[in-house]
Amino acid sequence: MLDKRDPLSSIELALSEEISRVVNDIGISLDKREIKFDETPDRSLGHMGTSIGFKLAKEMRRSPEAALKEIIERMNKIEGVENFIAKGGYLNVKLDVPLISREVIEAATKGHLGRGLFSGNVMVEHTSANPVHPLHIGSGRNSVIGDTLARILSFIGYNVRRHYLVNDCGLQSAYIALGKSIINDKPKGKVDHWYGLIYAAVNQAIELKKGNKEAEENLRRIRERDPELVDSIVSRIMNMEDPEKEVYEILRRYQKGEREIKSLLRSSAEEVIGGFMQTLRRIGVEHDEYDWESDMVWSGLVEKVALMLKPYVSVDDGAMYLDMNKAREKGVKVPENLPDRFYLSRSDGTWLYTMTDIAYSYKKLVEIGVDRCYNVIGAEQTMEQQQVKVGVALLGLDPDRIVHLGYELVSLAEGEMSGRRGIYITVDEVLDETAKRASKLVAGRDVGEDVSEKVTVGAFRYAMLSIDPKKKLQFSWNRVLNLEENSGPFIQYSYTRAASILRKAGYIPEEYDTSLLSSRLEEDLVLLMARIPKVLRDSVNLLRPDLIVQHANEMAKKFNKFYEEIPVISSEKNIRDARLKLVEAFKESLGSLMDIAGIPRMERM
RNA sequence: GGGCCCGUAGCUCAGCAAGGAUUAGAGCGGCGGCCUCCUAAGCCGUAGGUCGCGGGUUCAAGUCCCGCCGGGCCCGCCA
């Protein structure tokens, strides 16, 4: 029996097992895992093949083709396979396309394809941007990658929690609190943008006081957005004795939980997070929980975990650090390249993010109790993540339950973004600009009114997602505003074409004959759908959520060709029924990939 | 100095995890076509590449190994 959720893989598995059995029978060792199938370059050679002939030739002292023929002779029939072809060093397989088509179409239309392949409890921590300025496109990439990973995991059967770590116990938050404490204004405009301005102004004012020339120019630029506000911040800070010392003092009192500072800082951070939520909701991102760093400090969790680490901690001028040599003595695997010291606290007694991060890992794995947590965090923190994992191991937990999905930052053609200098492109403005472009295109069409917003979200998420996370993403307006091929809207368009055919036909056939789907294009569409479960598995194993949109793009491209070349509604009844069913399966399977990637579905556009 | 990552058409990227049947693929941009026919946000054709360089392993290397070169990140009592 073929696996309803993944027919193609079950055929491949049966093939590998059978081939390795036969090969082993004649005295040659060949593990089934060494047998992998690739597409053939030419359909006349079969659908897929494996190049084991070269290895066999050597062992059997025959030509590759002769060796393969002998193997094929001895093989049993396998469900889903029509016949075998030995060609060169390749053992090729011609699939029973009508059978596979039926399996795949049934699975796709019932929504089984790729579903429920795994089980367990996992967490994805993503976004986790510091609440000091609006989400910029770098955070946007994080959100989209993280949210898509979570959706994949959920689709393939895991129980998934999405968490956001609010970093409000760092120095950056204290800058905001300092700024807030010296002004009387109420937020103007979107609240996170307003706080972003305060953050940049405080930073640059302090730089100015320290005599940094560059600060003057930065302030001139920042000032344009709200001269009065920026001026008052600058003048107050210039009059302060030692503003930086104030910042540290604010942080110290905040971590101690002093009421006055608490209400000042925490409420500012909460307002910013509120702004983030608006933006995130717009791009389809929601978290199950916002975990506040301050809560972990105030509740004593951080203290408790620090105590557990005490045997491996040394102190330097009052500051605690994890001693990697002590960790090594304990028998924990510590990568060679890590520094000997991993500081956990400052001399003034405040915790560093490193310590709260270890405590947070403890919370995830023990208190919440997930099997595994994927941390979507910038690649620049790779070493910090390794250090945290050492801490996790010292707590007696398997460090591999923490998985770092590191992604490269988003850069601008003009240079890097910088929150401190107030240089960034926000998610909000990218979305607004894209929406403008999209609504121009939609104007005058008879489609629903939320189409341009759906197009915007599709375009944005595709643009943020479509590149391998470990490669830098160079932001360009062109990339996001591209509504043509190789974009979110391209996929959406293909989907609406399928929808349009089904709508015009007005019915879905009960009976259909898959042997009538005999064209190359129809066969290709079925095979593309059949590969979806593998794409889902790969995207998780390789930490490559971009594979999802790549595959969706391939499917859309293939369907557009089908749409242009193969008539559905006007064809003869039996053929029409088979094709309609294929279109339905395509629509549902592409739709499921769109759901996973967060690219909104539309019936018209 | 040490560690990690990247280097494929003018530009942006797939392909590298599991080496194979290519004459290395897309998109954008260029040039030329296709709407009395299921939405042209589409389709077709065409031009464009010493897969950074040099060695090695192999019957076979864009893919694996070593060494270089170029770019990025990290090696904070920042996050």
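Hydrogens, waters and symmetry mates play no part in the numbers below; they use all other heavy atoms, side chains included. What you are looking at is a predicted structure, and each value in this text was computed from that prediction instead of being measured. Just so we're on the same page: letters track the sequence lines, and every chain starts at 1.
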message: Please pick, from B:rG15, B:rA17, B:rA21, the nucleotide with the shortest atom-to-atom distance to any side-chain atom of A:Arg544.
response: B:rG15
message: Let's test your reading of the pairing rules: Watson-Crick or G-U wobble, both distances under 3.5 Å, then write RNA chain B as a dot-bracket string with ( ), [ ], | and dots.
response: (((((((..((((......[....)))).(((((.......))))).....(((((..]....))))))))))))....
Filtered N/O pairs between nucleotides 3-6 of chain B and protein, under 3.5 Å:
residue, atom, partner, partner atom, Å
B:rG3, O2', A:Asn337, ND2, 2.9

Taking only nitrogen or oxygen atoms into account, show me every contact under 3.5 Å that the protein makes with nucleotides 63-71 of chain B, one pair per line with its distance.
none

- request: Indicate, with a heavy-atom threshold strictly under 4.0 Å, whether A:Met320 touches base, sugar-phosphate, or nothing.
  value: nothing
field: Validation row, ring centre A:Trp477 to ring centre A:Phe475 under 6.0 Å
entry: yes
- request: State whether the distance check finds a donor on one side and an acceptor on the other, under 3.5 Å, for side chain A:Asn92 versus base B:rA21.
  value: yes
Partner set under salt bridge (Lys or Arg N to Asp or Glu O under 4.0 Å) for A:Glu588, not counting sequence neighbours: A:Arg601
So which protein nitrogen or oxygen atoms get under 3.5 Å of nucleotides 77-79 of chain B's nitrogens or oxygens?
residue, atom, partner, partner atom, Å
B:rC77, O2, A:Ser347, N, 2.7
B:rC77, O2, A:Ser347, OG, 3.3
B:rC77, N3, A:Ser347, OG, 2.4
B:rC77, N4, A:Asp316, O, 3.2
B:rC77, N4, A:Ser347, OG, 3.4
B:rC78, OP2, A:Arg346, NE, 2.6
B:rC78, OP2, A:Arg346, NH2, 3.1
B:rA79, OP1, A:Arg346, NH2, 3.1
B:rA79, OP2, A:Tyr353, N, 3.3
B:rA79, O3', A:Asn167, OD1, 2.5
B:rA79, O3', A:Asn167, ND2, 3.3
B:rA79, O2', A:Asn130, ND2, 3.4

message: Using modelled atom types and a 3.5 Å cut-off, is there a donor and acceptor pairing between side-chain atoms of A:Gln492 and backbone atoms of A:Lys454?
response: yes
task: Round to the nearest Å and state the distance from A:Gln550 atom CD to B:rC13 atom P.
output: 12 Å
- prompt: With sugar-phosphate meaning primed atoms plus P, OP1 and OP2, does A:Pro335 contact a base, only sugar-phosphate, or nothing at under 4.0 Å between heavy atoms?
  reply: nothing
message: Return whichever of A:Ser466 or A:Phe562 has its heavy-atom-nearest nucleotide of RNA chain B closer to the 5' end.
response: A:Ser466
- line: Those residues at least two apart in sequence (or on a different chain) that pass side-chain contact (heavy atoms from CB on, under 4.5 Å) with A:Leu13 are A:Glu17
message: Does A:Val455 reach a base, just sugar-phosphate, or nothing at all? Heavy atoms under 4.0 Å.
response: base
- request: Only counting residues at least two apart or in another chain, list the ones meeting side-chain contact (heavy atoms from CB on, under 4.5 Å) with A:Lys436.
  value: A:Glu433
message: Looking only at the side chains, is there a donor atom on one of A:Tyr462 and A:Asn486 sitting less than 3.5 Å from an acceptor on the other?
response: yes
field: side chain to side chain donor-acceptor pair (under 3.5 Å) contacts touching residues 55-68 of chain A (sequence neighbours left out)
entry: A:Arg62-A:Glu70
task: Select base, sugar-phosphate, or nothing to describe what A:Val442 touches, counting heavy atoms under 4.0 Å on all strands.
output: base
- request: Under 4.0 Å from any atom of RNA chain B, heavy atoms only: list the residues of residues 60-68 of chain A that qualify, in numerical order.
  value: none
statement: A:Glu303 meets the side chain to side chain donor-acceptor pair (under 3.5 Å) criterion, sequence neighbours left out, with none
message: More than 12 heavy atoms of other residues, nucleotides or ligands under 6.0 Å from CZ of A:Arg328: yes or no?
response: yes
- request: Kindly label the base of B:rC35 as syn or anti, based on whether its glycosidic torsion lies within 90° of 0.
  value: syn
message: Taking B:rU12 as the reference, what is the distance to B:rC68 when you measure between their P atoms (whole Å, please)?
response: 28 Å
Scan the side chains in residues 555-564 of chain A for donor-acceptor partners under 3.5 Å anywhere in the protein, sequence neighbours excluded, and list what turns up.
residue, atom, partner, partner atom, Å
A:Lys558, NZ, A:Asp524, OD2, 3.2
A:Asn560, OD1, A:Arg497, NH1, 3.0
A:Glu564, OE2, A:Arg497, NH2, 3.4

field: Partner of A:Leu344 under side chain to side chain contact (heavy atoms under 4.5 Å, CB included), chosen from A:Asp357, A:Val313, A:Leu352
entry: A:Val313
Review item, nucleotides 43-46 of chain B N/O atoms under 3.5 Å of protein N/O:
residue, atom, partner, partner atom, Å
B:rC43, OP2, A:Glu485, OE1, 3.0
B:rC43, O4', A:Glu564, OE2, 3.1
B:rC44, OP1, A:Lys561, NZ, 3.1

message: Over all strands shown, is A:Tyr563 touching base, sugar-phosphate only, or nothing at heavy-atom distances under 4.0 angstrom?
response: base
- prompt: Which listed nucleotide (B:rC75, B:rC59, B:rA18) is nearest to the side chain of A:Phe54?
  reply: B:rC59
